[in-house]
Trainee: 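Take this structure first; my questions come after.
Residue numbers start from 1 in every chain, and the chains themselves are labelled A, B, ... in the order their sequence lines are given, proteins ahead of strands.
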Number of protein chains: 2
Amino acid sequence: MTRQRKIIKDIIYASYEHPTADAIFALAKKKMPSIAVGTVYRNLSLLVESGEVRKIDVPNSPSRYDRPQIPHEHLICKNCGKVADVGAIELIEVLKEKTGEDIIGYNLTMYYLCPKCKSLK
Amino acid sequence: MTRQRKIIKDIIYASYEHPTADAIFALAKKKMPSIAVGTVYRNLSLLVESGEVRKIDVPNSPSRYDRPQIPHEHLICKNCGKVADVGAIELIEVLKEKTGEDIIGYNLTMYYLCPKCKSLK
DNA sequence: TTGAAATTTAAGAATAGTTCCTACTCTTGA
DNA sequence: TCAAGAGTAGGAACTATTCTTAAATTTCAA
């Protein structure tokens, strides 16, 4: 846990804005003006891999980063791109009434090992 | 519906491979050697917008395109990136037993209009 | 404490997917 | 037939992210 990595993690844990890599870089730069973009990206990957930080993939715009709380998913405004949280329980409600007034669409991707790859392990 | 657009649509409807824009371009080029990458992307957007084609956003790799069948979602192999279909019913099963053996993770994004944007409309 | 090896970093070049721009071509309909 | 509008080809431009390289920092055995 280098100083740079600590700063990056702290920024994410202190934020409720689901910041982008760019926003994190800007904030980190205030605390350590010498930090580089590459460092932010590399450390974000490491933090995601270790499970300390959660990555939110946003189609057609920069990924965002979040602290791993109790299970929750994300609502993205189609107009301004703002990301909101949805608790897992609400989520089930939302899925149930998918006809729902405000849900314009959704994108669900699950990850697994396909039979071929599984057999190779 | 231009000739180019027809070719692109036909390729997607004839494929079971969830082709990428690049793969579509390669196949389109066989039927019409003069076609340009930009044309493929532009027509894919138009087809998606009109609902004739469905776009699958794949984090960290090129988007894929699919025909809009009965509701189904996608399973992506974490190792080789292959995309498989999951029917909506299976899907509920999968979500139910989320502890499940093979599901490594998932990414759910829903789209809506946030209160602020909704009030502006 | 020293200093060599290993790790991490800064800086910016490179990459890849996608979009944008411009001039040209095709289609449409009067 | 021909002018206006729509669509296209080709490639430059853009943007988020990754890679590369040399320099800085950390680690840890001696």
Trainee: When you get a sec, tell me which of D:dA9, C:dA10, C:dT19 is the closest nucleotide to the side chain of B:Ala36?
Mentor: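 Selected nucleotide: D:dA9.
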Trainee: Indicate every side-chain donor-acceptor pair of residues 14-30 of chain B with a distance under 3.5 Å to a residue at least two apart or in another chain.
Mentor:
{"unit_1": "B:Ser15", "atom_1": "OG", "unit_2": "B:Glu17", "atom_2": "N", "d": "2.9"}
{"unit_1": "B:His18", "atom_1": "NE2", "unit_2": "B:Asp85", "atom_2": "OD1", "d": "2.7"}
{"unit_1": "B:Thr20", "atom_1": "OG1", "unit_2": "B:Ala23", "atom_2": "N", "d": "3.1"}

Trainee: Under 4.0 Å, counting only non-hydrogen atoms across every strand here, what does A:Ser63 touch: a base, just sugar-phosphate, or nothing?
Mentor: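 Sugar-phosphate contact only.
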Trainee: Let me know the distance between OH of B:Tyr65 and C1' of C:dT18, rounded to the nearest Å.
Mentor: 9 Å
Trainee: Whole-Å distance between D:dT18 C1' and A:Phe25 CZ?
Mentor: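 Rounded to whole Å, this separation is 15 Å.
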Trainee: When the distance from CZ of B:Arg3 to P of C:dT28 is rounded to whole Å, what number comes out?
Mentor: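 Nearest whole value for this atom pair: 13 Å.
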Trainee: Roughly how far, to the nearest 0.5 Å, is CZ of A:Arg5 from OG1 of A:Thr39?
Mentor: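 Result: 10.5 Å between the selected atoms.
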Trainee: Look at B:Asn43 and D:dG7 and indicate whether a side-chain polar atom (N or O) is within less than 4.0 Å of OP1 or OP2.
Mentor: no
Trainee: Which nucleotide wins on minimum distance to the side chain of B:Thr2, given the candidates D:dT8, C:dA10, D:dA9?
Mentor: D:dT8
Trainee: Can you check side-chain contact (heavy atoms from CB on, under 4.5 Å) on A:Val58 and A:Ser61, steps first, answer last?
Mentor: CA-CA 6 Å; A:Val58 186; A:Ser61 50; 3.2 Å; yes
Trainee: How many Å lie between CG on B:Leu46 and P on C:dC20, as a whole number?
Mentor: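 Answer to the nearest Å: 12 Å.
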Trainee: Take atom OH of B:Tyr41 and atom P of D:dA13, then tell me their distance rounded to the nearest Å.
Mentor: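 In whole Å, D:dA13 P lies 19 Å from B:Tyr41 OH.
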Trainee: I want to verify a distance call: between D:dA9, C:dT18, C:dA10, whose nearest atom is closest to the B:Val37 side chain?
Mentor: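 Shortest atom-to-atom distance from the side chain points to C:dT18.
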Trainee: Distance check needed: D:dA6 C1' versus B:Arg5 CZ, whole Å only.
Mentor: 10 Å
Trainee: Hey, does the side chain of A:Thr20 come within less than 4.0 Å of D:dA16's phosphate (OP1/OP2), counting only N and O?
Mentor: no
Trainee: Which heavy atom of A:Gly51 sits nearest a heavy atom of A:Pro68, and at what distance?
Mentor: O-CG, 3.4 Å
Trainee: Is any side-chain heavy atom of B:Lys9 less than 4.5 Å from a side-chain heavy atom of B:Arg67?
Mentor: no
Trainee: I want to check one thing: is the phosphate of D:dA9, taken as OP1 and OP2, less than 4.0 Å away from some side-chain N or O of B:Gln4?
Mentor: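 Yes, because at least one side-chain N or O of B:Gln4 sits under 4.0 Å from OP1 or OP2 of D:dA9.
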Trainee: Would you mind reading off the distance between B:Met1 atom CE and D:dG7 atom P, rounded to a whole angstrom?
Mentor: 11 Å
Trainee: I need the CZ-C1' distance between A:Arg42 and C:dT7, as an integer number of Å.
Mentor: 9 Å
Trainee: Mind listing the closest non-hydrogen atom pair of A:Ile7 and A:Lys31 along with its distance?
Mentor: CD1-CB, 4.2 Å
Trainee: Can you tell if the side chain of B:Val37 reaches within under 4.5 Å of the side chain of B:Arg42, non-hydrogen atoms only?
Mentor: no
Trainee: Pairs under 3.5 angstrom, nitrogen or oxygen only, protein versus nucleotides 19-25 of chain D, please.
Mentor:
none

